[in-house]
Student: 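Pasting a structure below so you can have a look.
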Amino acid sequence: METLQVYKKKEFMHQSMLNLFQYQNQSELNRFQCQKTLIMFKNHIKIAWRSLKRQPFFAFLNTFGLAIGMAGGLLISLYIYDEMNFDTMFKDADRIYRINADIKFGGTESKSAQVSAPMAAAMESDFSQVELTTRFRNLGGMLLRKSNTEANIKEEGATFVDATFFEMFGLDLLVGDMQTALKEPNTLVLTRTAALKHFGLKKAIGQSLVLNNTDTYTVTGVIEDMPERSFLRNHNVFMAMAGNEDAQKQEWTSHNFFTFIKLIPGADIADFQTPLQSMLGTYIMPYVQTFLPGATEEQLEASGNYLYYGTIALKDIHLYSAKDHELSPNSSIQNVYILSFIGLFLILLASVNFMNLSTAQSLKRAKEVGIRKTLGSDKPALIRQFLTESGLISFISLLFSLGIAVVAIPYFNALSGKSISIPFTEPVFWMALFIGATVLALFSGMYPAFFMSRFAPVKVLKGAGATSTGGGNIRSLLVVFQFAISVFLIVSTLVVFMQLKFIQSKDLGFTKDQVLIVDDVYTLGEKATAFKEQVEQLGQVQSATLSSFLPTPSVRSNTSFFKEGGATAENSINMQIWNVDDNYIPTLNMEILEGRNFDRQFGTDSTAMLINESAVAILGVQAKEALGMRIIRNFENGSSNNFTIIGVIKNFNYESLRENIGAVSMTLGRSTGSLAVKLEAGNFSNSISSIEGIWNKVAPGQPFSYRFMEDSFNTTYEAEQQLGRIFVTFTILSILIACLGLFGLAAFNAQKRTKEIGIRKVLGASIGQITYRLTTDFLKMVGVAIIVSLPVGWYLMNKWLEDFTYRIEISWWVFAFAALIALTIAVLTVSYQSIKAAIVNPVKSLRT
Amino acid sequence: MIQIQNLNKSFRTEEVETLALNNVNLKVQEGEFVAIMGPSGCGKSTLLNIIGMLDNPTSGSYQFAGHEVGHLKENQRTQLRKGNLGFVFQSFNLIDELTVFENVELPLIYLKMNKNERKQKVMAVLERMKIAHREKHFPQQLSGGQQQRVAISRAVVTNPKLILADEPTGNLDSKNGIEVMNLLTELNQEGTTIVMVTHSDRDSHYAHRIVNLFDGQIATESHNRAMGALM
């Protein structure tokens, strides 16, 4: 036993000594290796730099192409980072969800981001997983003035909000007490910007503000401006929900409240779906039975109606939520995907260029490789050398790309509607750049490095390498790849623009041209009609109509009606109800298919109703038969209204062309949100100043705000226009990169075929024949690229168009045109090099 | 067939002007076999290029078959070359990407001959040069002698009046060199005029006449009487 222990001890000592000895040797070895590597690296860099200097043309093509690709990739990465990080700044953002409702009732479907007012309280009391709820009742823009002044200031983004707002989103008040700030009715909290605009930061507390010339509110707090990357951006006024009447009502079928819940830590939202849906049985059906006696969930389902509750994570709202009337306009994950692909394409294109041009230069490098190998360089050492070169080019390109990005970022922001800046002060940014450039250098440099280090010294030194370095097929494949992407992008650009043009020129069922909209007319109160009448007197004005409801983005109101015969689910019709005046139809040039417009001569027209074709379809009758039918309004607050249909309006697109045209009804009523003025053709600025003159006389001190209906219409398609612009820009960039590659390759090809061109010329080939031959070789590649990319373009763009109810069909000429553009660009790029090669005297070519 | 008078050719680089040919006068009769010899840089290849209408002289006159061709434009020279002239080079100058058949067919394509006729002619010449069995091979798959036979096939496939050979045996071993020279002699005996640049004394003896160039000028001209002895 003792012997064994002694042995083990000795063994241990021996091992330790050995380790120590090895360690000392290893350390020296490491130091030596390190020095050797450093010297080699320096040597590689020196040679790489000389090699670049020796071939400035190729170095330029390589660097420039890569820099453009990197700059594009960088800008797109910043865009995507921005898009993917919405609402992440809020505390507990991971536990916050919004409740949605998908509803079909009375023939109308809606996907609502809002639910009923009593939902929040019910969830908080019934479900233990719910820690907190906060509701928003969005009001949009409103006029604010200090109580002691007359002049109003328009403030965008006003909303009622529950007092839990601060706790829910982890917001601190700059001034004021969080516990009491929004507890009392008629109190509000301003953002820093709004507070500074009206009072100053510190002075704001306790001040009074009159909203829309009606209600007086007291400022009880000031918060920091809402972050740009949040669903509350552009919201500046937060009013206490306690003062909102609707918020206190137990109306389970009006969906007007954005409702956010915060789950307790550890709770899983997936477990919440069933309890959430059970609220239909617990609360909604009993409420429905109060006006539809005997209604059951089964009946609701059997009649094709539904109400599905769902949730969406706060952080997903920006990219994944496309509900009706969101708090702020959202983007879509589809756009992120499209841009990611474009960014990836750009970098790939640039990388492919790099590979192509580097292997193309192998003619010149073959001899060098041969000599190096003869002198003892092994393959890994050569690979390291070539990778160092690609690394050097990659990092030089990176510097250029940063320059390009700095210059391009204002344009990119205008293009994408963002306000992105390059985070130069962030270490993470530099780290990402470094890693990106290294990966790109390795990715782009690996193939050329392996390709060139493979040359056999015997062959290349004999001169065989000069014409047969190979790799031609891969280079052709890479060119095909580049052009396939370019052709795909050309097709996509054409389709996006054609769809936009289609939207702009489609017969919408109303005329949006020459219509000026004056907003906030309600602030004139009783004087609104006088204002309208005076405007109508102007010579430049054809007609004018007062209404809050316009067929471009505007106020909407959806209400349930019933056909005569009883309040049953079968008889229900869900329709927009728009209060308009008798000038509405002629001013917007809408067409009455059957019946007549409202007429002041008829006293009974106060209960008359116009409906559109979609509403007629829900009624299940022909347009003619609809005339005279009576429609009963929902029994809200116990009151009911009966309407008689007096006319049927031709369907008009009042939502985006992505949507079907829903049912709309119009009744005569006083709704003074906006005045739509149809102007005579001519000088609009004169007309506007005349109208503004009248406004200032009628309502001194009220801000005059106007817009053209056409512009308002166009904002609906801002996303598509943005996409179109992005496509154009990146298509041009990708074509530019592809052309750089093709240009370099054509130069290389001409160089490689110098001898062949000479022989052909000696044998009687003309310049034209040589040029044709050199050019057609490339055109064949572009031809293959076209064949590959067109079906892909057709498939993907049809997928994109599926989002539109009203869309174009992609006709054959789009593909023909895209092919023609690609071929023309390729011919122009290649023919310069081809002609240059073809006119060389064969004596010279054969001498080389 | 060829009449050259007071022909000069100079090359200008950025700094210096080099006179490659200096007042050269030369006549070549139809059916003649002329060897041009001289040390490296004496202007042999320059003269051959001008005779082959690959290059224009700087001054002087060059008449081919009675027509002044010394100052033709490139297109006109190309037209005249086609079918009239055949070239054989030291380094064969075959196109690596084309097969033996395609290489030989090339001048006929530029003459816009139809496919059947082309095939017939190419096969006939390949048979004659005893290389028909290699018609589908690529130049890299052939020996030097075989490659030069292909090059000669290509030179003669159009039945040119004149064959210009620039050191045709320079890259060949002696056996293949003799074979090539025998082929050229055969063609000459059938009536083709041959002008050949060579360094080789042995090859020069196949010619009827030897023109010696020195510093761009014709130094000596001699008629060859021992030719028959080598054959």
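This structure is a prediction, so every number in the text was calculated from the model and none was measured. A note on names: the letters A, B, ... follow the listed sequences, proteins ahead of strands, and every chain is numbered from 1.
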Student: Specify which of B/Leu111, B/Ile95, B/Thr158, B/Thr78 makes the most heavy-atom pairs with chain A at under 4.5 Å.
Tutor: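 With the most close heavy-atom pairs to chain A, the winner is B/Ile95.
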Student: Look at the aromatic rings of B/Tyr62 and B/Phe64 and report parallel, tilted or perpendicular, splitting at 30° and 60°.
Tutor: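 Ring orientation, 0 to 90° scale: perpendicular.
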Student: Using a strict cut-off of less than 4.0 Å between a Lys/Arg side-chain nitrogen and an Asp/Glu carboxylate oxygen, indicate whether A/Arg753 and B/Asp96 qualify as a salt bridge.
Tutor: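 The answer is no: the pair does not qualify as a salt bridge.
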Student: Sort out for me which of A/Ile767, A/Ile839, A/Asn841, A/Val762 touches chain B most, counting heavy-atom pairs under 4.5 Å.
Tutor: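 Max contact count across the listed options: A/Val762.
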Student: What part of B/Glu74 lies closer than 4.5 angstrom to a heavy atom of chain A: side chain, backbone, both or neither?
Tutor: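 For B/Glu74, side-chain heavy atoms alone lie under 4.5 Å from chain A.
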Student: Once rounded to the nearest 0.5 Å, what's the spacing between atom CG of B/Leu184 and atom CD1 of B/Ile194?
Tutor: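 The CD1 atom of B/Ile194 is 4.5 Å from CG of B/Leu184, to the nearest 0.5 Å.
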Student: Contact part of A/Glu756 toward chain B, heavy-atom cut-off under 4.5 Å: side chain, backbone, both or neither?
Tutor: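 Both parts, backbone and side chain.
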Student: So which atom in B/Val180 and which in B/Pro168 form the shortest heavy-atom distance, rounded to 0.1 Å?
Tutor: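 So the two residues come closest at CG1-CB, 4.3 Å.
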Student: Quick one: what part of B/Leu54 sits under 4.5 Å from any heavy atom of chain A, side chain, backbone, both or neither?
Tutor: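 It is both, since atoms from each part get that close.
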Student: Atom CG of B/Leu162 and atom CZ of B/Phe87: how far apart are they, to the nearest 0.5 Å?
Tutor: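 Reported value, rounded in 0.5 Å steps: 8.0 Å.
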Student: Measure distances from B/Arg154 to the heavy atoms of chain A and classify the residue's part below 4.5 Å as side chain, backbone, both or neither.
Tutor: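 The side chain, not the backbone.
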Student: Top residue by heavy-atom pair count (under 4.5 Å) with chain A, among B/Leu85, B/Leu94, B/Asn93, B/Asn75?
Tutor: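 Of the candidates given, the most pairs with chain A belong to B/Asn93.
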Student: Classify the ring geometry between A/Tyr832 and A/Phe743 as parallel (under 30°), tilted (30 to 60°) or perpendicular (over 60°).
Tutor: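 Ring orientation of A/Tyr832 relative to A/Phe743: parallel.
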